[in-house]
Protein chains: 2
Amino acid sequence: MAAALQLLAESGPEGFTVRAIARRANVAPMAIYNHFDGKNGLLDAIWTEGFTILQREMAPIGQDPKDELLRSGIAYRKFALEHRSHYTVMFMNRFVGFTPSIAAAYVATRAFQELVNHIHRCQSVGMFPDIAADNLAQMLWAACHGYISLEILDINFAEDRDKTFLQFLSGVERGFDVLAL
Amino acid sequence: MAAALQLLAESGPEGFTVRAIARRANVAPMAIYNHFDGKNGLLDAIWTEGFTILQREMAPIGQDPKDELLRSGIAYRKFALEHRSHYTVMFMNRFVGFTPSIAAAYVATRAFQELVNHIHRCQSVGMFPDIAADNLAQMLWAACHGYISLEILDINFAEDRDKTFLQFLSGVERGFDVLAL
DNA sequence: TGAGGTATAGAACAGTGTTCTATACTTTTC
DNA sequence: GAAAAGTATAGAACACTGTTCTATACCTCA
C-alpha cells in the first residue's frame with residue numbers, strides 16, 4: 001500500500017503497474033493478488049482509506065454553521081493537496097478499468113453526507129432557504145472539485161493560491177446564500 | 001476520426017484502441033500512424049476539433065454582457081453534453097499517455113480567452129470590479145467543469161438537470177458579482 | 001508504359017493485467 | 001515433535017496494448 005502510494009506520487013498513473021509496485025515493495029507481483037485482489041482491489045483500498053480520512057477532516061469542530069461550512073471546504077482542499085495520490089484515485093478518474101466496489105462507494109457517500117450535514121446546520125439558522133440540501137451539496141462539491149482538480153493538475157496561475165481558493169470558495173457560497181444578498 | 005468518436009461514445013476510453021478503431025474504419029492499424037501519427041495524434045486531432053467548436057459556441061451573440069456570460073456557460077454545458085467524446089478527450093484526463101501538442105494547447109487557450117473576453121465586457125459595465133478577469137475566468141471555468149464532469153459521469157441526481165445547472169451557474173456568477181449584493 | 005511514393009497486411013517487440021503451476025514456507029492439528 | 005493443511009512464493013504463460021518493421025500491393029503522375 002505504501003509502495004503503491006509512493007509510486008503514484010512519483011510517476012502518476014503511468015507508473016502505477018502491478019510489477020512496479022511489487023518491485024518497490026520487495027514482493028512478488030502475485031502478492032498483490034493475494035492481498036488486494038489485483039490492481040483494482042489495491043485502488044479500492046486506497047479509495048476507501050482516502051474517503052475515511054476525508055470524512056474525518058470534514059467533520060465539524062466549532063459551533064457556527066457558516067464558519068464550519070467554509071472550514072470544511074478548506075479542509076477538502078487541504079486533504080487534496082496533502083493526499084494527492086489518494087485524491088487522484090478518488091476523484092480524478094485516471095484509472096480506466098477501475099470502478100469502486102459497493103463497500104467503497106458506501107464510504108464515499110458517507111463522506112459526502114458530512115457536507116450535506118453542514119448545509120443542514122446552515123439551513124437551521126436561515127441560510128440557503130430555497131434549495132434542497134443534497135442539491136446544494138452537489139453544487140458546492142462540484143465547484144470545489146473542479147477548482148482543485150485543475151490545481152492538482154497544475155493548471156492554476158494564481159499568485160497566492162491559498163488566498164485565491166478562499167476567494168473562490170466564499171464567492172461560490174455567497175452566491176447561494178440569500179442572507180448575504 | 002468518425003470511427004474513433006463513435007467507439008469513444010460507445011465504450012469509452014476502454015474501447016479506444018488502435019486496433020479497434022482501425023477495424024471500425026475498415027482500415028489497417030497502420031493507417032492511424034500514417035494519417036494521425038498514432039493514438040496520441042488522433043487524440044490531438046479530436047482535442048483540436050473540440051476546442052474549435054467550443055470557441056465558436058462560446059462567442060457572444062447579443063449585446064448585454066451579463067446575459068452573454070450566462071449564455072456562454074449554458075453553451076459550454078450544451079457542448080459538453082452534445083460532444084461527450086470530444087469533452088472526454090479535452091477535459092476528463094482519461095487518456096494516461098496523452099498530453100496535447102503545443103498547437104492543440106494554443107487552440108485551447110484561444111477558447112479560454114473567449115471566456116476572459118466575456119468577463120472584460122462585464123467589467124466594462126461595472127460587474128466584477130475587484131478581481132482580475134483571468135482569475136475569475138479560471139474560477140468560473142473550474143466550477144462549470146466540476147459540475148459538468150460529474151454530470152457526464154452520471155453522478156448527478158437532480159430531477160430537472162437543465163434547471164439545476166442554470167441555478168448553479170447563476171448562483172456562482174452572483175457570488176462574484178458585487179452589483180447583485 | 002514505367003517510376004516514385006504511399007497504403008497495405010502481417011509479423012514482431014516490449015510492455016500491460018492476470019492466471020497457472022510447482023515449490024517453499026508457515027501454521028495448525030494430532 | 002511430526003504430519004497435514006493452507007498459503008505465499010517465483011516464474012512462466014496468455015491475451016491484450018501501442019508501436020515498429022518488412023515486404024507486397026496499389027495508385028498517381030510524368
Side-chain angles (χ1 to χ4, degrees), chain A residues 1-50 85-86 88-105, chain B residues 1-50 85-86 88-105:
Chain A
M1 189 98 169
L5 289 170
Q6 234 177 71
L7 223 44
L8 203 49
E10 285 170 22
S11 42
E14 312 210 35
F16 194 82
T17 72
V18 173
R19 286 169 177 84
I21 296 162
R23 206 178 316 129
R24 173 68 59 100
N26 276 106
V27 119
M30 267 301 293
I32 290 166
Y33 289 84
N34 294 326
H35 292 286
F36 290 103
D37 206 35
K39 188 182 183 180
N40 282 345
L42 184 50
L43 289 170
D44 219 68
I46 294 172
W47 164 293
T48 303
E49 184 179 272
S85 301
H86 286 92
T88 302
V89 174
M90 293 155 68
F91 293 118
M92 300 297 277
N93 259 97
R94 304 272 285 149
F95 302 91
V96 169
F98 171 65
T99 37
S101 63
I102 308 269
Chain B
M1 189 98 170
L5 289 169
Q6 236 178 67
L7 222 47
L8 204 49
E10 285 171 23
S11 41
E14 312 211 34
F16 194 83
T17 72
V18 173
R19 285 169 177 82
I21 296 162
R23 206 179 314 128
R24 173 68 58 100
N26 277 108
V27 119
M30 266 302 292
I32 290 166
Y33 288 85
N34 293 325
H35 292 285
F36 290 103
D37 206 35
K39 188 182 184 181
N40 282 346
L42 185 49
L43 289 170
D44 218 67
I46 294 173
W47 164 293
T48 302
E49 183 178 273
S85 302
H86 286 91
T88 302
V89 174
M90 293 154 68
F91 293 117
M92 301 296 277
N93 259 99
R94 303 273 284 150
F95 301 91
V96 168
F98 171 65
T99 36
S101 63
I102 309 270

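Lettering of chains follows the sequences in order, A, B, ..., and the numbering in each one begins at 1.
- For A:Arg19 against C:dG15, no side-chain N or O and base N or O form a donor-acceptor pair under 3.5 Å.
- In this structure, A:Phe95 places its CZ atom 11 Å from P of C:dG17, rounding to the nearest Å.
- Comparing the start and finish of the helix from C:dT1-D:dA30 to C:dC30-D:dG1, five pairs each, the helix axis swings through 10°, to the nearest 10 degrees.
- The interatomic distance linking B:Phe98 (CZ) with D:dT19 (P) rounds to 12 Å, in whole Å.
- With B:Trp47 contributing its side chain and B:Pro100 its backbone, the two residues share no donor-acceptor pair below 3.5 Å.
- Atom pair B:Asn40:CG and D:dT20:P shows a separation of 11 Å (rounding to whole Å applied).
- Pairs of residues two or more places apart, or lying in two chains, that qualify as salt bridge (Lys or Arg N to Asp or Glu O under 4.0 Å) and include a residue from residues 4-16 of chain A are A:Glu10-A:Arg24.
- No side-chain heavy atom of B:Leu43 sits under 4.5 Å from any side-chain heavy atom of B:Phe36.
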Candidate pair B:Ile32 and B:Lys39, rule side-chain contact (heavy atoms from CB on, under 4.5 Å), full reasoning: CA-CA 7 Å; B:Ile32 290 166; B:Lys39 188 182 184 181; 5.7 Å; no
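- Within the 4.5 Å cutoff, the side chain of A:His86 has heavy atoms near those of the A:Leu5 side chain.
- Atom NE2 in B:His35 sits about 11 Å away from atom P in C:dT6, given to the nearest Å.
- A:Asn40 contributes a side-chain N or O that, together with a main-chain N or O of A:Gly97, makes up a donor-acceptor pair within less than 3.5 Å.
- Annotation: proximity of residues 21-34 of chain B to DNA chain D (heavy atom, distance under 4.0 Å) is found for B:Met30, B:Tyr33, numbered in ascending order.
- At whole-Å resolution of the value, CZ in A:Phe16 and P in C:dT16 are 13 Å apart.
- With hydrogens and angles ignored, the 3.5 Å screen pairs no side-chain donor or acceptor of A:Arg19 with any backbone N or O of A:Pro29.
- As rounded to whole Å, 13 Å separates atom C1' of C:dG17 from atom CG of A:Asp37.
- Around the CG atom of B:Asn34, the shell of radius 6.0 Å holds more than 12 heavy atoms that belong to other residues, nucleotides or ligands.
- D:dT20 atom C1' lies 17 Å from atom NZ of B:Lys39, rounded to whole Å.
- No side-chain heavy atom of B:Asp37 sits less than 4.5 Å from a side-chain heavy atom of B:Asp44.
- As rounded to whole Å, 14 Å separates atom P of C:dT18 from atom CZ of A:Phe36.
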